[in-house]
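A quick write-up on the structure given underneath.
Residue numbering restarts at 1 for every chain, and letters A, B, ... go by the order of the sequence lines. All heavy atoms count here, side chains included; hydrogens, waters and symmetry mates do not. Model, not experiment: these values are computed from the prediction.
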Amino acid sequence: MLLEMLQSLPQVLIDGLALGAVYAVVALGYTMVYGILQLINFAHGEIFMTGAFIGTTFFILLMGMGWVSSVPQIFVLILVLIVTACLTGLLGMGIERVAYRPLRNAPRLIPLITAIGISFILQDVIRFIAELSSGNYIVTGPSLFTDQMTISFSSLSSIFNDASFKTSFLIVLVTAFILMISLDYFINRTKWGTAMRAVALDRETASLMSINVNKTISITFFIGSALGGATGVLFAVQYGTIDPFIGFILGMKAFIAAVLGGIGNIRGAMLGGILLGLLEMFASANLTLLTGGIFGAEYKDVFAFSILILVLIFKPEGLLGKPTAEKV
Amino acid sequence: MPILEVNNIETYYGGIQALKGISVYVNKGEIVTLIGSNGAGKSTTLKSISGLAKVKTGSILFKGKETMNKPVHETCLLGMAHVPEGRKIFSTLTVKENLLMGAFSVNNKQLIEERMEIVFGHFPILKKRLEQKGGTMSGGEQQMLAIGRALMMEPELLMLDEPSMGLAPIIVEQIFDIIKKLNQNGITILLVEQNAYQALNIAHRGYVIRNGEIVLSGKGSELIENIEIRDAYLA
Ligand SMILES: Nc1ncnc2c1ncn2[C@@H]1O[C@H](COP(=O)(O)OP(=O)(O)OP(=O)(O)O)[C@@H](O)[C@H]1O
Ligand SMILES: [Mg+2]
């Protein structure tokens with residue numbers, strides 16, 4: 001049994017990393033907003049979904065213009081990623097401005113419910129637009145990066161099977177990691193990133209440093225939503241077919257990844273996302289084996305979440321979170 | 001002309017009136033202290049000046065310009081710095097990052113470096129702790145960092161809310177010495193203290209505040225002699 005698990009390990013690692021990287025980038029959006037407003041922005045999953053739709057729309061448009069075949073696909077992708085990120089960034093910023101800011105001093109539950117409301121609105125608006133323009137709210141974009149690649153792990157050691165995947169996997173993985181590394185740099189090494197951390201710690205004192213708190217919060221929403229939207233594009237590239245409800249499950253998992261890593265903690269969200277992706281893929285590949293066929297791969301979420309619950313029982317503040325008692 | 005003129009301000013927290021018509025002025029180059037017991041309204045007065053608390057009526061003139069109820073991040077740009085009660089260091093930011101936040105509005109790297117050197121001149125300990133997290137510093141060090149962070153704005157008026165709070169007498173003395181020195185370097189000081197005698201000792205003038213009203217004012221030395229201060233302060 002162990003041998004079989006080892007054999008599939010390379011594939012599990014690669015699939016898990018790609019999925020986990022997607023969770024991780026979306027989780028960043030949850031954790032950044034939570035860090036600065038203590039708000040669980042349930043609409044974030046829908047920002048991700050909106051990004052997938054905007055991206056797919058651009059891909060289809062560009063394909064209609066003949067771009068996808070004449071220009072290297074990677075340039076098309078970069079262009080679409082940037083445009084989509086800007087648009088979803090603005091969307092997130094706008095949502096904060098009209099829906100959350102007026103409730104800044106309201107009891108916590110009120111903005112939370114507002115966020116849930118916003119996510120329903122986004123789902124329905126996107127569904128409406130998609131149905132209106134294409135007659136069906138399930139949309140399939142052009143297939144990109146479909147070449148198969150194989151990494152020959154078997155030449156490393158005969159225990160392992162080879163891992164194979166579409167190029168799009170690699171694209172998703174690399175882009176997601178670039179996004180994470182850039183964000184980490186921004187938060188920890190730049191003036192506005194430091195201001196963000198200062199505002200998250202203490203809004204009043206940050207304003208005494210002549211930091212414009214509202215602007216900082218807007219920037220936070222912009223960046224978090226831009227990352228979410230960009231990940232939506234990656235998701236669309238990887239899976240091809242999208243619908244207005246993809247944000248719900250993925251958003252939920254990304255949120256849980258953020259909690260697993262320690263909500264409010266940037267690196268925690270990355271770690272939590274990747275861990276969740278790996279666990280899920282591991283379960284998907286090995287569950288049948290582990291349970292002697294009682295549970296199939298479709299129970300992967302149960303397995304992954306049981307482990308998460310275990311982690312949170314022993315470390316309720318999340319893997320990289322600070323125990324609340326230490327909070328100043 | 002006073003650098004700061006607070007005229008008859010009233011400030012409320014919801015339905016609670018914290019300031020019932022406070023008037024205070026500070027001349028350029030002075031150390032003025034605001035003393036009073038717990039809950040008298042000292043912090044609220046500073047918050048009203050910097051904009052952290054909303055003022056209902058009255059006026060606040062800083063360098064001759066009305067600043068009442070302007071956004072805090074704008075009043076701070078005019079040349080006043082407010083070191084809040086309890087220091088309010090950004091605990092998970094390093095000492096260096098805390099100082100950099102003080103200079104948030106400055107984009108000139110050279111200027112930031114220069115100001116940082118000035119701060120190190122006053123507080124050499126900060127230079128040795130640049131990479132330490134602010135929250136792990138001792139109380140005295142945090143107070144120095146809080147003042148240093150405010151100095152990074154190069155303020156004309158420095159408002160300090162109970163800088164001696166919870167510190168050992170020897171550290172308190174050090175802090176008061178620095179305040180005097182900063183004043184000699186040309187910074188105007190508005191000092192809120194419960195430590196009345198020490199504050200009045202270094203102050204040119206003082207105000208005693210009780211229940212949201214100024215009940216006494218005068219030269220520091222006179223106020224010390226005034227027996228009423230003991231009543232007002234200990235009451
Ligand atoms: N955020 C707030 N909400 C409601 N009431 C407040 C708030 N802050 C202060 N108060 C009230 O306003 C009054 C003045 O408070 P303030 O903090 O200005 O006093 P203080 O003189 O600084 O006291 P201390 O020496 O204890 O710091 C007090 O009665 C206090 O309870
Ligand atoms: Mg006070």
Indicate the atoms forming the closest heavy-atom contact of [X] with [Y], along with that distance.
X      : Y      : result
B:L100 : B:M116 : CD2-CE, 3.6 Å
B:S48  : B:T11  : OG-OG1, 3.0 Å
B:V32  : B:Y25  : CG2-O, 4.3 Å
A:F42  : A:I116 : CD1-CG1, 3.8 Å
A:R197 : B:L93  : CB-CD1, 3.8 Å
B:I187 : B:L158 : CG2-CB, 3.8 Å

Is NZ or CZ of A:K253 both nearer than 6.0 Å to the six-membered ring centre of A:Y23 and within 45° of the ring axis?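 Cation-pi check for A:K253 and A:Y23: fails.
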Can you find a pair of side-chain heavy atoms, one from [X] and one from [Y], that are under 4.5 Å apart?
X      : Y      : value
B:F90  : B:V95  : no
B:L151 : B:I118 : no
B:F62  : B:V6   : no
B:I214 : B:L34  : yes

Heavy-atom contact with chain B under 4.5 Å, split by part of A:A200: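 The answer is neither part of A:A200.
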For chain B, which residues from residues 179-191 of chain A lie under 4.5 Å away (heavy-atom distances)?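 A:N188, A:K191, listed by number.
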Using heavy atoms and a sub-4.5 Å threshold, report which of residues 95-113 of chain A line up against chain B, by residue number.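 Near chain B, by residue number: none.
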If you count heavy-atom pairs under 4.5 Å between each of A:N212, A:V213, A:D202 and chain B, which one has the most? A:N212
Residues from residues 64-89 of chain B approaching chain A under 4.5 Å (heavy atoms):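 Answer by number: B:V72, B:H73, B:C76, B:L77, B:H82, B:P84, B:K88.
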Quick one: NE2 on B:H122 to CD1 on B:I178, what's the gap to the nearest 0.5 Å? 7.0 Å
Just by distance, do the side chain of B:K63 and the backbone of B:E156 share a donor-acceptor pair under 3.5 Å?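 No; judged by distance alone, with no hydrogens or angles, the pair does not exist.
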What part of B:S105 gets closer than 4.5 Å to chain A, counting heavy atoms only: side chain, backbone, both or neither? both
Structural part of B:M101 lying under 4.5 Å from a heavy atom of chain A: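 The answer is both parts of B:M101.
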Ring geometry between A:Y30 and A:H44 (parallel below 30°, tilted from 30 to 60°, perpendicular above 60°):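 Rings of A:H44 and A:Y30: perpendicular, as their planes differ by over 60°.
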Partners of B:A203 by side-chain contact (heavy atoms from CB on, under 4.5 Å), sequence neighbours excluded? B:I31, B:T33
